[in-house]
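This report refers to the structure that appears directly beneath it.
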4 protein chains.
Amino acid sequence: MRTNDAAGRVRAKRLPREVRERQILDAAVEVFSQRGYHAASMDEISEVADISKPMVYAYLGSKEDLFAACIRREATRLMEAIAAGVSEAGDRPDVQLWHGLRAFFGFVGEYRDSWQVLHRQASAQGGPFAQELLDMRRRAISLVAALLMNTSDSEAASLHTDAMAAALVGAGESLADWWLDHPEESAGAVAARLMNLVWMGFGNLVDGQMWQPPR
Amino acid sequence: MRTNDAAGRVRAKRLPREVRERQILDAAVEVFSQRGYHAASMDEISEVADISKPMVYAYLGSKEDLFAACIRREATRLMEAIAAGVSEAGDRPDVQLWHGLRAFFGFVGEYRDSWQVLHRQASAQGGPFAQELLDMRRRAISLVAALLMNTSDSEAASLHTDAMAAALVGAGESLADWWLDHPEESAGAVAARLMNLVWMGFGNLVDGQMWQPPR
Amino acid sequence: MRTNDAAGRVRAKRLPREVRERQILDAAVEVFSQRGYHAASMDEISEVADISKPMVYAYLGSKEDLFAACIRREATRLMEAIAAGVSEAGDRPDVQLWHGLRAFFGFVGEYRDSWQVLHRQASAQGGPFAQELLDMRRRAISLVAALLMNTSDSEAASLHTDAMAAALVGAGESLADWWLDHPEESAGAVAARLMNLVWMGFGNLVDGQMWQPPR
Amino acid sequence: MRTNDAAGRVRAKRLPREVRERQILDAAVEVFSQRGYHAASMDEISEVADISKPMVYAYLGSKEDLFAACIRREATRLMEAIAAGVSEAGDRPDVQLWHGLRAFFGFVGEYRDSWQVLHRQASAQGGPFAQELLDMRRRAISLVAALLMNTSDSEAASLHTDAMAAALVGAGESLADWWLDHPEESAGAVAARLMNLVWMGFGNLVDGQMWQPPR
DNA sequence: CATGAATGAGGATTCATTCAT
DNA sequence: TATGAATGAATCCTCATTCAT
């Protein structure tokens, strides 16, 4: 069933709960990522979602609840994307890392807003959100990190993989920014740069040794 | 001269402008870091600074101005700390890098609030603040790039110094950020982690090779 | 449906937008006229309108917007009142002028607040408000000028119609303003004063000659 | 004795009270006329007066006091200007009126700010100011009006001269505005227009009769 | 289910006014 | 006398949240 609203636009009515929730979450992620948690207004979110404010509250609760729901959904998506990437890789740890990185950057590139909300906004707000985020992040990261731990019993295995993952992510983001200023490079080339840095280290790089993705 | 205010606390009076400005900035950094930019209220800042709100406005302008002033001051402090660290190092590039990283993490460890404001809060708010940050980042990247430039004449390294510097700075930021949520490690330990990652690479690490600071 | 609020007063609820807007404008005109633009507080306006402040903002925007809306509404009302007065008069130009003046002073007498806001407050604030007023004035002057145009073909009169119209409108405004502080006279009496001044001139008046409305 | 202040400007010190008061009143009239009573800030007034705020309070009291002092001074000035104008005229009432008008418009033209404060601002603020103004205005006006009353015992003498004065003033102001759009006219010509309107009236003007200033 | 109407509460900002030197 | 430093008290405005239909 459909109706024309005051502005003449067509607004679908009585959609199933699932669809409505998706609409709202999509809108919320968009607005939260653009404005930040506090500056985002429930008014704007409901407008972008093309739904009335009371419905937003009915479906997803308070602003805090809504934000938490965004984090949960996006974190899950990210996790699944990485899991899919890793699982299609072979056995060699460097190749697994390579696939994990590619999956991760693929996600970040494709869902900028999601990543914004997850990385910037959630950690900027203290308390429950940061916690929620930390939990999710650790699960996701351990997916990629686990492969390193399985690889050997050496010292490396006892590294705090969490910390390394954080460093990796930061390096990747920063490199992505740098990429914006050097568009002549291909995506693969940039990814390879990062792989080189983290796999070979400067120590080897200065000796002219480079890591190569498998053919 | 001192007086007891209504609440019985002692409040210094008629301080020179310079002193008041420092008080205010200190309070602002503390509050912004704990609450985030939007959730921080000028009321709380003025209370923490133990001064009335109108003085905050008289000395440092609007909330935006105040936030920008915080960012500028902390960014300057941080850059000076790093520059000092690097300059006291010897010639070997890895040692220079090591000192730079230690200075960086030392700063972050000592001034958690400063870093929290600089990195998390400033980047969560868009617009002019992000710009201030980008400037600082650019300076940091130049510093690192210059340092790496000296590393070797090898094609592989000198060719991509910029990209690697960007990646390293990003990794450092991100790791520092991660550290905020995992304060159990020492600054030196965290610095060593990053040093190992970028200097040795995972490739060596999984073979049990680690970088060691010179005795 | 009606409810008693905390103070025990009866407050109508869920009125349509149109009605609320009128309530608000009425209250705003009253308060602006009594306190002046700056001294009037949005709090008082919303109280007088018997509505919460956020609704005032939702319906009519900022204080400036609200003031402008008041001016527009009252200016329109006034111009319509005068036009109606003039149009019901016969052909003789003096009689038309007389009816126009009577309508004008009738309006001022009946809607003191409106005039107070229009003339005193709006002109005391500079900028955009004065502009709105100038528009209204220009319309009023044109109306009078057209009327005087019909008066005669004599060179002396038709040549300077514009100037005389401007002077007449100014005199009317000023006299109305004066009347606000001397409410003891009737609207007709004030109108007659002005009619005598502009139609007969002091020269005749000192000779005891007066203009009389037709029986 | 003189000192250079922070900005390097020279500020005279320890001036006699009289001079300081004039400085302050000049500044206050300027600022009140430009901003309006409420929008004018004591800060700006003290800056324009090139004196510190506490001095303003020491010399002329509260903002209300200061405003009242402005009104009093400017009203007195205006009164004296008109008195001087009238007293140099001869006996004929029309000539006296003519001189009075010329003196009045001379003052308004020369001291725009003073007139702004007196006419617009003082009457826009209710209460004590309006009263103060009315008193002053009535005294000043009666100067000009008295001549008409002395002229004859006719009906005209019992006119509310106050009301007529208000009309005159308004007509004059409006004509001055009109003049701005018709700069080809001389000052005398415009003054003569007004004299014609009020002395002859439209009734005579349409018959081609005009008033002429005496040679 | 869906929404236009409504508000309590709180935050940024400014200003008249006064100390303490 | 003269002033930089300081503040209590408003004022405008916005937002998360909820009725009543």
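Since this is a predicted model, take the numbers as computed values, not measurements. Chain A is the first sequence line, chain B the second, and so forth, proteins listed ahead of strands; every chain is numbered from 1. Atom set for the values below is all heavy atoms of this structure, side chains included, hydrogens, waters and symmetry mates excluded.
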Quiz prompt | D:Arg20 vs F:dA2: side-chain N/O to OP1/OP2 distance below 4.0 Å | solution = yes
Quiz item: Of C:Arg17 and B:Met42, whose closest DNA chain E nucleotide lies nearer the 5' terminus?
Solution: C:Arg17
Quiz item: Which comes earlier along DNA chain F counting from the 5' end, the contact point of B:Met55 or that of A:Gly61, where each point is its nearest nucleotide?
Solution: B:Met55
Quiz item: Between B:Glu47 (CD) and F:dT7 (C1'), how many Å, whole number?
Solution: 14 Å
Quiz prompt | Whole-Å gap separating C1' (E:dT7) and OH (C:Tyr59) | solution = 12 Å
Quiz item: Which whole-number value in Å describes the distance from D:Asp43 CG to E:dT18 P?
Solution: 15 Å
Quiz prompt | Over 12 foreign heavy atoms within 6.0 Å of CZ, C:Arg17 | solution = yes
Quiz item: With a 3.5 Å cut-off and no angle check, do the side chains of D:Gln116 and D:Ser33 form a donor-acceptor pair?
Solution: no
Quiz prompt | Salt-bridge contact B:Asp26-B:Arg73 (side-chain N to carboxylate O under 4.0 Å) | solution = yes
Self-check item: Atom-to-atom span, NZ of C:Lys53 to C1' of E:dG11 - whole angstrom
Solution: 11 Å
Self-check item: 5' priority, DNA chain E, between C:Pro54 and D:Lys63 [closest heavy atom]
Solution: C:Pro54
Exercise. Round to the nearest Å and state the distance from C:Leu60 atom CG to E:dA6 atom C1'.
Key: 15 Å
Quiz item: What nucleic acid atoms does B:Ala40 come within less than 4.0 Å of, heavy atoms only: base, sugar-phosphate, or nothing?
Solution: sugar-phosphate
Self-check item: Opposite nucleotide pairing with E:dT21, Watson-Crick or G-U, both atom distances under 3.5 Å
Solution: F:dA2
Quiz item: For F:dC15, does either OP1 or OP2 sit under 4.0 Å from a side-chain N or O belonging to C:Tyr57?
Solution: no
Quiz item: What is the pairing partner of E:dT13, taking Watson-Crick or G-U wobble pairs with both distances under 3.5 Å in any strand?
Solution: F:dA10
Quiz item: Of the nucleotides E:dA20, F:dC19, E:dA12, which has the atom closest to the C:Arg14 side chain?
Solution: F:dC19
Quiz item: Quick one: is the NZ or CZ of A:Lys63 closer than 6.0 Å to the six-membered ring centre of A:Phe32, and within 45° of its axis?
Solution: no
Practice problem: Please say whether more than 12 non-hydrogen atoms of neighbouring residues, nucleotides or ligands are located less than 6.0 Å from CZ in C:Arg35. | Solution: no
